[in-house]
Amino acid sequence: ITADSDTKVYDGTALTKDSYTNTDLASGDRIQSVTVTGSQTVVGSSDNVPSEAKIVNAAGEDVTASYAITYANGTLEVTQKSLTITAESDGEKLQGAKFALYLVATFDANGEITVTEDFDRFNLDIRGENDEVWNQLIPVLEGWVNSSGINSADSGETDENGILLFPTGERKLTQGLYLVVGQTHTQEKMVYTPSSFLVTLPGRSAEDGSWDYDVVVAPKFEAHPEKE
């Protein structure tokens, strides 16, 4: 009897899986019950453990003792929430474009918003995803990042396909609101300047309002030819 495995992106709730598979039984026999024990909430993995199987025959009689039962564990895995940046301008995939994330505020399980220490000098109104309000905040926050020298939560550069996946390396992303700042990038005699933006992790689905733990964003770029 093998416990099933499962995986999901971290959302603060426990991952469980109480199903299992088994090899064939004698004709008329069936598994009446199996206890499957396992739970994984934080990023990482753990065993999903089957035990205490009860097998009955067609008459409902307990025939468990007639079997030599071998149990095999499954695996429960919780992976990190992620942010994927796709850097492209007019069909040109931008390789080596650099971006950094700055954690502006955190969200707890109840949706309570707490501005981080790096940005607590600002009276930030970030309740709700109000595009107009957020667009006004972005240059203020970006200016503070550039002048204060605060450390980013994570940073990296795009690959040959113009893709950058956060978190990088062994880093972890906290649930919250991030300012994404990109550097000016030169490629094929063109200069690309990305617009900074705010993004929440997790995000909200535009279709049904459900939480999206794998957020994909495409920054806007201003492009002009490189000066000779």
Side-chain angles (χ1 to χ4, degrees), residues 1-86 101 103 105-114 116 127-129 153-154 156 163-178 199-217:
I1 296 175
T2 302
D4 287 341
S5 298
D6 203 0
T7 184
K8 72 171 184 177
V9 178
Y10 172 77
D11 63 3
T13 64
L15 171 65
T16 60
K17 187 79 169 179
D18 61 3
S19 56
Y20 59 90
T21 58
N22 59 273
T23 55
D24 293 338
L25 304 178
S27 178
D29 290 356
R30 63 182 176 85
I31 295 178
Q32 186 178 73
S33 62
V34 175
T35 299
V36 181
T37 305
S39 180
Q40 183 71 28
T41 300
V42 298
V43 173
S45 62
S46 58
D47 289 335
N48 201 28
V49 183
S51 63
E52 300 179 5
K54 182 179 181 180
I55 303 173
V56 297
N57 61 19
E61 299 168 333
D62 188 344
V63 294
T64 306
S66 299
Y67 289 85
I69 301 175
T70 300
Y71 295 101
N73 296 340
T75 301
L76 300 175
E77 182 180 17
V78 175
T79 59
Q80 285 221 30
K81 60 177 68 67
S82 66
L83 171 65
T84 301
I85 290 178
T86 60
L101 306 183
L103 182 60
T106 59
F107 307 147
D108 65 17
N110 298 316
E112 186 69 25
I113 299 171
T114 303
T116 61
R127 292 166 295 179
E129 297 188 25
D154 202 350
I163 303 296
L164 171 56
L165 177 63
F166 290 111
T168 63
E170 298 299 318
R171 299 218 182 179
K172 296 181 180 180
L173 296 182
T174 301
Q175 185 167 282
L177 175 68
Y178 288 85
V199 63
T200 59
L201 291 179
R204 282 281 196 182
S205 169
E207 296 180 357
D208 58 12
S210 62
W211 289 112
D212 181 4
Y213 290 87
D214 291 306
V215 178
V216 180
V217 293

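Predicted model, so just to flag it, every value in this text is computed and none were measured.
- Residue D6 is tested with T16, T75, L76 for a side chain to side chain contact (heavy atoms under 4.5 Å, CB included); the sole match is L76.
- T174 is not listed as a side-chain neighbour of T116, based on a closest heavy-atom distance of 4.5 Å or more.
- Remark: A14 engages S39, T41 in a side-chain contact (heavy atoms from CB on, under 4.5 Å) (not counting sequence neighbours).
- The one candidate from I163, L164, V217 that meets the side chain to side chain contact (heavy atoms under 4.5 Å, CB included) condition with T86 is I163.
- Under the 3.5 Å distance criterion, the side-chain polar atoms of T168 are left unmatched by any main-chain donor or acceptor of G156.
- For L165, the side-chain contact (heavy atoms from CB on, under 4.5 Å) partners are S82, T84, not counting sequence neighbours.
- Note that the CG atom of L103 and the CG atom of L177 stand 8.0 Å from one another [nearest 0.5 Å].
- Atom NZ of K8 sits in a crowded spot, with more than 12 heavy atoms from other residues, nucleotides or ligands closer than 6.0 Å.
- Here side-chain hydrogen bond (donor to acceptor under 3.5 Å, both in side chains) pairs that include residues 59-69, with residues two or more places apart or in two chains, are D29-Y67, N57-E61, D62-T64.
- Contact detail for S46 and Q40: the closest heavy-atom pair is OG-OE1, 2.7 Å.
- V49 is linked by a side-chain contact (heavy atoms from CB on, under 4.5 Å) to D47, N73, counting only residues two or more places apart in sequence or in another chain.
- To the nearest 0.5 Å, atoms CG (L15) and OG1 (T79) are separated by 9.5 Å.
- Note that CG of L201 is 12.5 Å distant from OG1 of T106, once rounded to the nearest 0.5 Å.
- Residues satisfying the side-chain contact (heavy atoms from CB on, under 4.5 Å) criterion with Q32, sequence neighbours excluded, are R30, K54, V56.
- Residue E77 holds its CD atom at 13.0 Å from CG of N48, rounded to the nearest 0.5 Å.
- You'll find the side chain of Y178 stays beyond 4.5 Å of the side chain of L83, heavy atoms only.
- Closest approach of P50 to V34, counting heavy atoms only: CB-CG1, 4.3 Å.
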Just distance, no hydrogens or angles: give the donor-acceptor pairs under 3.5 Å from side chains in residues 20-27, sequence neighbours left out.
none

